[in-house]
**Student:** 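Got a structure for you, written out below as structure tokens; questions coming shortly.
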2 protein chains.
Amino acid sequence: MRHNGRVTQEIGKRPNIYDVASAAGVSKSLVSLVLRGAPGVSPARRAAVEEAIERLNYRPSRAAATLAGNRSRTIGVVLDDYRNLWFVDLLAGLHDRLAPLGFRVAVADPSFNAHLDRTPVDGLLSMRVDGVVIATEPTEEMFAAVDVPAVVAGNRDMVVPGADIVANDDVMGGRLATEHLIGLGHREIGHVTGAGGAARLRAQGFDAMMRGSGLRPQVAQGQGLTMESDGYEAALRLLEENPSLTAIFAANDTMALGAAGAARDRGRRIPEDLSLIGYDNSPLASANLLRLTTIDGRNRQVGDGAAEALLERMKDPATPVHTKLVEPELVLRASTAAPA
Amino acid sequence: MRHNGRVTQEIGKRPNIYDVASAAGVSKSLVSLVLRGAPGVSPARRAAVEEAIERLNYRPSRAAATLAGNRSRTIGVVLDDYRNLWFVDLLAGLHDRLAPLGFRVAVADPSFNAHLDRTPVDGLLSMRVDGVVIATEPTEEMFAAVDVPAVVAGNRDMVVPGADIVANDDVMGGRLATEHLIGLGHREIGHVTGAGGAARLRAQGFDAMMRGSGLRPQVAQGQGLTMESDGYEAALRLLEENPSLTAIFAANDTMALGAAGAARDRGRRIPEDLSLIGYDNSPLASANLLRLTTIDGRNRQVGDGAAEALLERMKDPATPVHTKLVEPELVLRASTAAPA
DNA sequence: CAGATTAAATGGAGCGCTCCAGAAACACGA
DNA sequence: TCGTGTTTCTGGAGCGCTCCATTTAATCTG
């Protein structure tokens with residue numbers, strides 16, 4: 001009723017669906033169908049609506065669509081830290097799987113909480129996301145709030161009840177890295193680890209492989225998390241404790257960078273005097289200065305799997321919770337070689 | 001009217017503002033005031049409302065708030081590429097300035113376009129952002145669409161009409177880096193540059209400083225943009241063309257990493273045989289392996305300035321367009337030294 | 001070619017907030 | 001006690017969509 005008398009759009013006002021409808025000579029409902037790419041719209045009308053949209057420079061209101069539809073067609077991703085680049089492929093994987101289905105991806109950063117929001121999840125729930133990907137260590141507070149399908153990406157310490165887990169197989173990756181070094185002939189191998197579930201599992205793979213081969217696992221943990229400086233410091237300690245060490249497996253590429261610094265500072269050339277292997281296959285690893293042999297966790301696949309799990313749970317919330325592990329693979333570069 | 005008869009919230013339904021209102025024994029309008037942190041609410045009622053919110057686990061609908069208020073209290077940021085970490089400080093600066101005023105920050109990635117959206121700006125406009133920060137090279141299409149206050153962060157090739165520009169002073173930074181090398185005693189200095197406005201200006205600063213000191217500017221541009229491999233390749237060329245080169249200034253830290261690889265491959269130690277200076281003061285620069293002397297563009301300040309400009313233009317859209325340059329500063333580390 | 005079936009298009013009723021004009025409650029001096 | 005401000009609080013009217021039950025148009029079938 002309010003719109004019946006309107007023939008032209010008032011100037012200075014953003015056009016809405018009614019403006020488009022009257023410009024195209026159709027009903028607002030038809031415009032809505034075109035916007036959502038629904039089937040069962042005649043080509044002629046669809047074209048007319050699209051032309052009107054173009055002509056009016058119309059842009060649909062996400063807010064109205066979300067409110068009316070009671071769903072945002074958006075998947076929220078909780079991120080740790082932008083400096084750790086593993087999330088880039090994760091996002092790409094999520095997007096590739098979700099975009100064709102009309103879903104958007106929205107990122108929430110724990111450090112960027114808005115007024116009243118206690119956790120980044122609050123912000124996402126306020127925007128009525130249809131699902132949540134937790135790509136950080138979950139907290140009690142966080143998952144107490146979640147009432148939409150959720151999946152935890154990456155291996156974590158805490159388990160979120162009701163959430164699927166999709167991650168690369170960190171234990172296997174740790175084993176793979178260690179196996180590679182042993183295969184090269186190394187016997188004195190150190191592992192630089194950090195805090196967090198993924199690092200723990202990688203260490204576990206290292207430990208299992210070493211013991212399985214009758215070798216002594218030597219591990220050093222950085223003071224902090226899994227940063228460059230932690231890798232540096234831990235590698236330094238490793239090298240000090242056992243000067244006959246010929247290889248180091250770092251829990252991730254960033255720590256491997258730190259380990260490379262430690263090796264340089266101790267006069268050890270890579271790979272001649274010390275083999276070094278990282279984890280993540282980050283852009284860093286392919287740098288010419290390092291040419292770092294590493295493990296690729298195939299995070300794009302993890303993103304794809306996370307999207308898959310979310311989609312399934314959105315269709316049927318009663319789907320039993322499951323864990324999906326993506327097989328990691330060894331990426332050979334120039335930082336590992338047979339011991340002298 | 002629809003809500004008058006409702007005493008308790010139906011189970012399984014998300015509570016809304018009316019549920020909170022009746023639980024707290026106040027009107028929905030009062031709840032709205034509390035939600036927005038408005039003044040002029042008695043402490044007693046405010047507490048009652050907050051208690052009800054807590055008890056019902058109520059989470060306001062952003063969609064409804066945006067729709068009703070005709071504004072989202074959100075600033076959109078268009079990002080280039082997550083791998084280039086300069087945006088991290090930019091976001092932090094934006095957030096710190098904006099969050100206390102109740103604004104959120106939403107990120108749009110050009111590679112992640114949704115259905116119907118031609119540019120990442122479309123997505124942001126659909127969510128009715130109150131302002132846009134363009135932290136990437138703008139395109140014609142992009143700014144044709146923008147009808148909210150906009151600011152371009154960083155120096156770009158294209159000028160967006162009506163948008164303020166906030167950036168670090170790349171020319172000055174280029175001059176600073178070059179001055180540092182000259183001051184150290186270097187005479188044969190090369191510059192590794194890339195595509196894009198910022199790189200061009202940094203090269204300009206390099207050029208000016210070299211000529212001003214009566215030295216010959218030697219520049220090599222990578223094939224691609226400003227990636228590690230481009231830095232590697234360009235530095236290799238530089239070293240080949242002029243073996244007596246004693247210092248290289250790279251357009252950013254990532255390219256500097258590439259240049260460090262080139263130096264290593266040509267048997268040049270840093271800083272003994274070759275001084276190297278980067279730009280951006282990224283986490284990479286502080287790595288122990290590089291200890292890279294670099295220029296800090298103070299992107300946090302840039303973010304702050306961008307927020308400031310947006311806020312001003314939101315208050316008064318007629319504010320004349322202006323450019324704000326943040327003074328960069330030299331960060332001394334171990335990759336530069338006097339020539340042998 | 002009438003009747004049945006299917007496809008295409010429509011109008012109304014919300015979704016959950018904000019904004020605004022005005023009502024109610026409170027304060028205070030004459 | 002009563003005006004007269006000054007706070008504080010309230011109800012109504014949308015915001016621009018989606019969803020759904022219907023209507024209308026097109027197509028088929030014997």
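Chain letters run A, B, ... following the sequence lines, proteins first, then strands; residues in each count from 1. The model shown is predicted, which means the values in this text are computed figures rather than measured ones.
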**Student:** What's the CD1-P distance between A:I17 and C:dG14, to the nearest Å?
**Tutor:**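 For the pair A:I17 CD1 and C:dG14 P, the rounded distance is 19 Å.
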**Student:** Please report, rounded to the nearest Å, how far the C1' atom of D:dG16 is from the CG atom of B:L125.
**Tutor:**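 From B:L125 CG to D:dG16 C1': 16 Å.
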**Student:** How far apart are the C-alpha atoms of B:N57 and B:R59, what are their side-chain angles, what is the distance that settles it, and do they pass the side-chain hydrogen bond (donor to acceptor under 3.5 Å, both in side chains) test?
**Tutor:** CA-CA 7 Å; B:N57 194 27; B:R59 232 160 287 281; 2.6 Å; yes
**Student:** What class does the angle between the rings of A:Y82 and B:Y82 fall in, given that below 30° is parallel, 30 to 60° is tilted and above 60° is perpendicular?
**Tutor:**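 Parallel, since the angle between the ring planes stays under 30°.
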**Student:** Nearest to the side chain of A:L30 - C:dT18, D:dG11, C:dA9?
**Tutor:**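 Closest of the options to the side chain of A:L30: C:dA9.
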**Student:** Here's a test for you: under side-chain contact (heavy atoms from CB on, under 4.5 Å), which of B:V326, B:D89, B:L94 qualifies with B:N299?
**Tutor:**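 Option passing the side-chain contact (heavy atoms from CB on, under 4.5 Å) with B:N299: B:D89.
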**Student:** If you compare every side-chain N and O of A:S32 against the phosphate oxygens of D:dC19 (OP1, OP2), does one of them come in below 4.0 Å?
**Tutor:**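 It does not, given that no N or O in the side chain of A:S32 lies less than 4.0 Å from OP1 or OP2 of D:dC19.
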**Student:** As a test of reading the structure: which of C:dC17, C:dA9, C:dC19 is closest to the side chain of B:S29, going by heavy atoms?
**Tutor:**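 Among C:dC17, C:dA9, C:dC19, the one nearest the side chain of B:S29 is C:dC19.
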**Student:** Want to settle it: does B:L67 or B:V41 sit nearer the 5' end of DNA chain D, counting the closest nucleotide to each?
**Tutor:**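 Looking at the nearest nucleotide for each, B:V41 comes out on the 5' side.
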**Student:** Between A:Y18 and D:dC15, does any side-chain N or O lie under 4.0 Å from OP1 or OP2?
**Tutor:**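 Negative; the distance criterion is not met.
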**Student:** Look at B:S27 and D:dT10 and indicate whether a side-chain polar atom (N or O) is within less than 4.0 Å of OP1 or OP2.
**Tutor:**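 Answer is yes, contact under 4.0 Å.
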**Student:** Taking OP1 and OP2 of C:dC19, is either one under 4.0 Å from a side-chain nitrogen or oxygen of B:R36?
**Tutor:**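 Yes, B:R36 has a side-chain N/O under 4.0 Å of OP1/OP2 on C:dC19.
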**Student:** Rounded to the nearest Å, what distance is computed from the CZ atom of residue A:R62 to the C1' atom of nucleotide D:dC17?
**Tutor:**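 In whole Å, D:dC17 C1' lies 14 Å from A:R62 CZ.
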**Student:** I need the CZ-P distance between A:R71 and D:dC17, as an integer number of Å.
**Tutor:**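 These atoms are roughly 17 Å apart.
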**Student:** Rounded to whole Å, how long is the line connecting atom CZ of B:R46 with atom P of D:dT7?
**Tutor:**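 It is 16 Å, rounded to the nearest whole Å.
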**Student:** Looking at D:dG16, D:dT18, D:dC9, which one has an atom nearest to any side-chain atom of B:S42?
**Tutor:**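 Of the candidates, D:dC9 comes closest.
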**Student:** Among the nucleotides D:dC17, C:dG16, D:dT10, which one has an atom lying closest to any side-chain atom of B:V26?
**Tutor:**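 Between D:dC17, C:dG16, D:dT10, the one nearest the side chain of B:V26 would be D:dT10.
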**Student:** Applying side chain to side chain contact (heavy atoms under 4.5 Å, CB included) to B:R313 and B:V321, what does each step give before you reach the verdict?
**Tutor:** CA-CA 9 Å; B:R313 189 164 300 282; B:V321 174; 4.0 Å; yes
**Student:** Among D:dC9, C:dA9, C:dT18, which nucleotide has an atom closest to any side-chain atom of A:R45?
**Tutor:**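 Nearest nucleotide to the side chain: C:dA9.
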**Student:** Specify the separation, in whole Å, of atom CG of A:N70 and atom C1' of D:dC17.
**Tutor:**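 Atom CG in A:N70 sits about 13 Å away from atom C1' in D:dC17.
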**Student:** Please confirm whether any donor atom in the side chain of B:K28 sits under 3.5 Å from an acceptor in the base of D:dG11, or the reverse.
**Tutor:**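 Yes, the side chain and the base share a sub-3.5 Å donor-acceptor pair.
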**Student:** Starting at atom CG of B:L35, determine the distance to atom C1' of C:dG16, rounded to an integer number of angstrom.
**Tutor:**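 B:L35 atom CG is separated from C:dG16 atom C1' by 11 Å.
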**Student:** From C-beta outward on B:R128, which listed nucleotide comes closest to its side chain: C:dG16, D:dC17, C:dA9?
**Tutor:**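 Closest nucleotide to the B:R128 side chain: D:dC17.
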**Student:** Test B:I134 against B:R156 for side chain to side chain contact (heavy atoms under 4.5 Å, CB included), laying out the working first.
**Tutor:** CA-CA 10 Å; B:I134 301 175; B:R156 306 294 167 183; over 6 Å; no
**Student:** D:dG14 P sits how many Å from A:R14 CZ, rounded?
**Tutor:**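 These atoms are roughly 21 Å apart.
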